[in-house]
Number of protein chains: 2
Amino acid sequence: MTNSPTLKEVAQRAGVHVTTASRALNPATSSLVNPATMRRVQAAARELRYQPNAMARGLKTAKSMSVGVLLPDLTNPLFPPIVRGIEDVLAASGYTTLIANTDNDLERQRTLFDTLRARQVDGVIIATARRDDNLFTEAHQQGVRMVMVNRRVDQSDIPSVTGDDHDGIAMAVRHLIELGHTRIAHVAGPQHTSTGRTRQRAYRQALDDAGIELDPGLLVTANEFTEVEGAKATRAMFEAGKRPTAVVAANDMIALGCLDVFNERRMRCPDDISLVGFNDMPFVDRLTPPLSTVHVPHYQIGAEAARMLLDRLANPDLPAKSITLPATLVLRESTAAPAV
Amino acid sequence: MTNSPTLKEVAQRAGVHVTTASRALNPATSSLVNPATMRRVQAAARELRYQPNAMARGLKTAKSMSVGVLLPDLTNPLFPPIVRGIEDVLAASGYTTLIANTDNDLERQRTLFDTLRARQVDGVIIATARRDDNLFTEAHQQGVRMVMVNRRVDQSDIPSVTGDDHDGIAMAVRHLIELGHTRIAHVAGPQHTSTGRTRQRAYRQALDDAGIELDPGLLVTANEFTEVEGAKATRAMFEAGKRPTAVVAANDMIALGCLDVFNERRMRCPDDISLVGFNDMPFVDRLTPPLSTVHVPHYQIGAEAARMLLDRLANPDLPAKSITLPATLVLRESTAAPAV
DNA sequence: TTGTATGCGTTATCAA
DNA sequence: TTGATAACGCATACAA
């Protein structure tokens, strides 16, 4: 941002050649240099507040020491904790994080992905995957190092770190059944995402396991993981005459939409209808009522994904793992036994 | 991240010299090149999916086309909207945003700032300023291009974009007075920040303007803009025997802490005590009770700051402006007339 | 232990 | 209109 001192200037000040200065300042090679010289160079570097030019270094080493992160939208409170986990791990290894928001726009995503490649990121962490994505599968085949977080791509060996979607929903449904509910609805998320699909399937399976026959009208799908789309799907269900006593939302944003519709219809939660969300986003514990939801360890998901990427950067031939982090059911005040 | 095609390869494929390829692909110089050649080069570039190497370009042009953003903590919902504003504007001009979290740790901040400089960012947007900061004032004097958001540095000509802290608090206090309150407390934010200080002063001034004498016991200060520190300060006030009928919190996080203490003491808000926050963070409209607060246009603050930085990058001699964006009072359900 | 030469991919400058 | 050459700042193979 301002004419920074170069290695040459440091070398001059220390009275040595650039090469020596480079060696002295580089931990990997500093053992080759005379301790006295070493001190002189370090002193010079300190005095000039020398910072190696990352672009020059990267050009030479063919590494940028940076990692791109593709998110749908940073303002969705789900993602900041993931990003923090990623950043903390990456920063500890000297990597810088480049964040990009796709807004669920595939074209924008392509542009941003290209930008990241232009910046020569050493790897990418992707939170925007669709089940049938080919932008990423192609890139993966071309050798682009990547890790998926939160969502996965179908039938691919791209490594991923996700929460346990299936188990999370299973716990939620079982909890409702134990409370005595049988008319349990699911407001599913978009089926082109692994999260939307897996959770929907887990819902069906959990009902089946309990011997409850699925009423197809109780299964509706939101077009996006948002409050408005969640509300829209929920509203449609009620308008079709369906009367569940409990709703399992595919995520907390959709659950927010459910609550909106409950309010519209003057239904009190949990007295008239129970609700369970998914993710345990920040602040859902302060809703009215405090939301029962499936807690997913987002910070850890981010941290684990970063570690995995780092591993793969160090050792490209590592087999692709898929890590699933355990989910836990957090009971608050949005669930209760059905009214008699 | 994987061996990308270079300009040389594009040139070879198009049967021209690298220089020509460079010119053809660069909008600024493409007018100098023969239309037919141009097409050949572009075709080659497209076929190879050529992406210019940003590091090589940056090394040559001494511009990285990137901007650093220094935040206290991304998981504070205040910041994602600011970041989105910044990113949207910056991306439209081809800049990439580098986000760094300082966690309010001065040493960490210094390290991150150095990292950003090492990455040769063309400018920095800073949301972590302290009133007496000298890391930034020094850097500013050295010619580092920067813009402060949300907070400013005292007595400096560093450009800034902030919400109208003074007016926001004035509106909040006046509103409470109009409702009939006279024992109005303020849980101030850290006084080493411009926001904490300005809001505290605005509170005093507003009382003064209304002819209400300040009870010093009703003015307490939180050590940080967090829920726990807000609760701590609020608790101390009650334990000192003070009984306000209304509280103006320095921000929404602190307001959350106030609500916690109200609950501890079985005080109902707004029946027993009124509360006003500051910022209108996401989700405060869904608290119990929905929080009355001062709305600050965070997205616009970010966008405006990015525009300002862009202006200054283009024209370094621009005078340093300080923009204040208007705040508005958002009345929800946390304020009411005092109990009789 | 230190220095020399070279090149990473791009663009600026100059020459043709 | 195009090509040749050098240079950005750094790291590395090689030589001394």
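FYI, side chains are in, hydrogens and waters are out, and symmetry mates aren't considered; it's all heavy atoms of this structure. Quantities reported herein were computed from a predicted structural model and do not represent experimental measurements. Every chain is numbered from 1, with letters handed out A, B, ... down the list of sequences.
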Note to self: Determine whether a donor-acceptor pair (N or O, by modelled atom type, separation under 3.5 Å) exists between the side chain of B:Arg152 and the backbone of B:Ser194.
What the structure shows: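 Looks like no, no N/O pair under 3.5 Å.
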
Notebook entry, point to check: Quick check: does any side chain N or O of B:Asp157 sit under 3.5 Å from a backbone N or O of B:Ala320, one acting as donor and the other as acceptor?
Noted result: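 No; zero donor-acceptor contacts below 3.5 Å.
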
Note to self: Once you apply a heavy-atom cut-off of 4.0 Å, does A:Thr6 come out as touching a base, just sugar-phosphate, or nothing?
What the structure shows: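 Counting heavy atoms under 4.0 Å across all strands, the contact made by A:Thr6 is with sugar-phosphate only.
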
Starting from [atom2] on [N], measure out to [atom1] on [X] and report it in whole angstrom.
X       : N      : atom1 : atom2 : answer
B:Lys60 : D:dC10 : NZ    : P     : 15 Å
A:Gln51 : D:dC10 : CD    : P     : 11 Å
B:Gln12 : D:dG3  : CD    : P     : 13 Å
A:Met55 : D:dG9  : CE    : P     : 9 Å
A:Lys63 : D:dC10 : NZ    : C1'   : 15 Å
A:Leu7  : C:dC8  : CG    : P     : 20 Å
B:His17 : C:dG9  : NE2   : C1'   : 13 Å
A:Leu59 : C:dC8  : CG    : P     : 9 Å

Hey, could you give me the [atom1]/[atom2] distance between [X] and [Y], rounded to the nearest 0.5 Å?
X        : Y        : atom1 : atom2 : answer
A:His192 : A:Glu224 : NE2   : CD    : 7.5 Å
A:Thr96  : B:Arg119 : OG1   : CZ    : 3.5 Å
B:Met148 : B:Ile158 : CE    : CD1   : 3.5 Å

Under 4.0 angstrom between [X] side-chain N/O and [N] OP1 or OP2:
X       : N      : result
A:Thr20 : C:dG3  : yes
B:Arg57 : C:dT11 : yes
B:Tyr50 : C:dT10 : yes

Note to self: For DNA chain C, which residues of residues 21-39 of chain A approach it to below 4.0 angstrom with any heavy atom?
What the structure shows: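 Correct list: A:Arg23, A:Leu32, A:Val33, A:Asn34, A:Thr37.
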
Item checked: A:Arg13: partners by side chain to side chain contact (heavy atoms under 4.5 Å, CB included), with sequence neighbours left out ->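 For A:Arg13, the residues satisfying side chain to side chain contact (heavy atoms under 4.5 Å, CB included) (neighbours in sequence not counted) are A:Ala44, A:Glu47, A:Leu48.
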
Note to self: Could you tell me if the side chain of B:Val153 sits less than 4.5 Å from the side chain of B:Thr137, heavy atoms only?
What the structure shows: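 Result yes, sub-4.5 Å side-chain heavy-atom pair found.
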
